[in-house]
Amino acid sequence: MSEAALPMTGPVPQARLDRRALLEFLNKHSRLLLTTHINPDGDGLGSEVAMALWLRSMGKQVRVLNDSVVPNAFLFLARHLPLESWEEERAEQRFTESDALIVLDTSNRQRIGRVAEVLSRHVIPVAVVDHHVTHQRGFGQVNVIEPEASSTGEIVFELMREAGAPLTPDIAEALYVALMTDTGSFRYSNTDSHAHRMAAELLAHGVDPQRLHAQVHTHASAGRLRFFGEVLSALEMLDDGRVVVLEASPEQFQKHGLVGSDTEGLVDLPRTIAGVEAVALFSEVEPGKIKVSLRSTGRVAVDEICSRLGGGGHIHAAGVLLRGTRADARAKVLPELSRRVAALEPRRTRTN
Ligand code: AMP
Ligand code: MN
Ligand code: MN
């Protein structure tokens, strides 16, 4: 949402009030701790780095502490400041030395993982900045939750603009990583004119898109590609070819030496098959823990299926973590997905 899109008169929209409250929150606190969701992605990490550099330029003390380690693809972002991962003692220390916590790219308390456990032992004000569809107000004293934003990075960018903060090349780079990864390199349905305008502005501030794309997308191991090959060659076509199902077993993860975040991008590939409305990936990283990822090619909403089971996401990309067997997880998800796909109007076929 751009500044220009907000009306200048009439009732003050909630979004504007929330942003203003966040800027006040940032001004009021001087020792800030930043965190994002488990298995962090380019948006979570890019938003953390951009916000940390911005806050530092305001003379604040800033620390970043996440539940999980930084995936190799994003290690280059850690050259500006340590992106620490969870360790009991370190977490206690970070909470003790901070006077406020900022949660980026999730408004779900459980998704910050073990950081949530430490949070429950410390009385510390919390601000949430996120773009996921949520049915609650967020768990912070201040919540900037804008589902229409392509990425959390876009909200950080807008906040910086409102505050009149300068976009340094390093901040522009971190924000570009956030925007590029969450829009699937400007391919997904969250790619709109705001996303492209923001990209143009970042390029004008020194971002080299080709270099950043290469930084992020050249870290795969051969094992990861073999794993993709195995999982894809067993893909199932259900509902007359309109639903694709993929499964990955703990043995497959082990055999190729992979972790949960290595499935990134896998669920998106079957979207290229003609006639597919939705893709479901059931990924059993550890026995009994099933990470479900749902994707839509644009017509069926998948976020509600996940949020009803305790997860969430966006209308066309959502996820949830389920306990039990892959068969249990399929039984919870697939009938609902099929029902939604069956309710769609038939696709118009091309006449030329
Ligand atoms: P993924 O399938 O993990 O790539 O996630 C797709 C989208 O759903 C992302 O925007 C995630 O942030 C969101 N998401 C994934 N898992 C969960 C979960 N357990 N709870 C809430 N949101 C999730
Ligand atoms: Mn994310
Ligand atoms: Mn995001």
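Bear in mind that the values here come from a model prediction, so they are computed numbers and not experimental data. Start at 1 and go down the list; that is how both ligands and their atoms are numbered.
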With atoms numbered from 1 as shown, which atoms in ligand 1 lie under 4.0 angstrom from a non-hydrogen atom of [X]?
X: Gly313; value: 8 (O), 13 (C), 22 (N)
X: Val320; value: 16 (N), 19 (N)
X: His314; value: 10 (O)
X: Leu321; value: 19 (N)

I'd like a table of donor-acceptor pairs (distance under 3.5 Å, sequence neighbours excluded) in which one partner is a side-chain atom from residues 109-117, with atom names and distances.
residue, atom, partner, partner atom, Å
Arg114, NE, Asp67, OD2, 2.9
Arg114, NH2, Asp67, O, 3.2

Protein contact of [atom] - nearest heavy atom, named by residue and atom, plus distance:
atom: atom 12 (O) of ligand 1; result: His132 NE2, 2.9 Å
atom: atom 7 (C) of ligand 1; result: Ala317 O, 3.4 Å
atom: atom 17 (C) of ligand 1; result: Gly319 O, 3.2 Å
atom: atom 3 (O) of ligand 1; result: Lys291 NZ, 2.8 Å

**Request:** Answer whether the closest heavy-atom distance between the side chains of His132 and Asp105 falls below 4.5 Å.
**Result:**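 The answer is yes; the side chains approach within 4.5 Å.
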**Message:** Measuring from atom 1 (P) of ligand 1, which candidate in Arg295, His316, Gln110, His37 has the nearest non-hydrogen atom?
**Reply:**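 Answer by nearest heavy atom: Arg295.
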**Asked** Of the choices Ala280, Gly312, Gly310, which has the non-hydrogen atom that lies closest to atom 14 (N) of ligand 1?
**Response**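 Ranked by closest heavy atom to atom 14 (N) of ligand 1, first place is Gly312.
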**Asked** Within 45° of the axis and under 6.0 Å from the centre of the six-membered ring of Phe95, does NZ or CZ of Arg90 qualify?
**Response**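 The answer is no; the distance or angle limit is not met.
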**Request:** Quick one: look at Arg111 and ligand 1, take heavy-atom pairs under 4.0 Å, and tell me if it's side chain, backbone, both or neither.
**Result:**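 The side chain, only.
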**Prompt:** Near the Mn ion (ligand 3), meaning under 2.8 Å, how many protein N/O/S atoms are there?
**Reply:**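 With waters ignored, the protein N/O/S count below 2.8 Å is 4.
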**Name of the residue among Ile305, Leu309, Ile290 meeting side-chain contact (heavy atoms from CB on, under 4.5 Å) with Lys332** =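 Checked Ile305, Leu309, Ile290 against Lys332; only one passes side-chain contact (heavy atoms from CB on, under 4.5 Å): Leu309.
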**Request:** For the pair Phe253 and Phe227, name the ring-plane relationship: parallel under 30°, tilted 30 to 60°, perpendicular over 60°.
**Result:**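 Correct class here is tilted.
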**Asked** For the residue pair Phe186 and Tyr176, does the interplanar ring angle fall in the parallel (under 30°), tilted (30 to 60°) or perpendicular (over 60°) class?
**Response**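 Answer is tilted, since the angle falls between 30° and 60°.
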**Item:** Pair Glu201 + Arg197: basic N to acidic O under 4.0 Å
**Value:**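 No, Glu201 and Arg197 are not salt-bridged.
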N/O donor-acceptor pairs under 3.5 Å from side chains in residues 69-78, not counting sequence neighbours:
none

**Request:** May I ask you to check whether Ser85 and Asn66 show a side-chain donor-acceptor distance below 3.5 Å?
**Result:**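 Judged by distance alone, the side chains do not pair up.
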**Item:** Least distance between heavy atoms, Ser296 atom then Val300 atom
**Value:**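 Minimum heavy-atom separation between Ser296 and Val300: OG-O, 2.8 Å.
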**Message:** Using 0.5 Å steps for rounding, measure from the CZ atom of Arg31 to the CG atom of Leu101.
**Reply:**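 So the CZ of Arg31 and the CG of Leu101 are separated by 13.5 Å.
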Pairs of donor and acceptor atoms involving the side chains of residues 210-217, under 3.5 Å and at least two apart or interchain, shall be tabulated with distances.
residue, atom, partner, partner atom, Å
Arg211, NH2, Glu173, OE1, 3.0
His213, NE2, Ser185, OG, 3.4

**Request:** Please confirm whether Ser293 comes within less than 3.5 Å of ligand 1 when only nitrogen or oxygen atoms on both sides are compared.
**Result:**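 Looking only at distances, the answer is yes, because the N/O contact criterion of under 3.5 Å is met.
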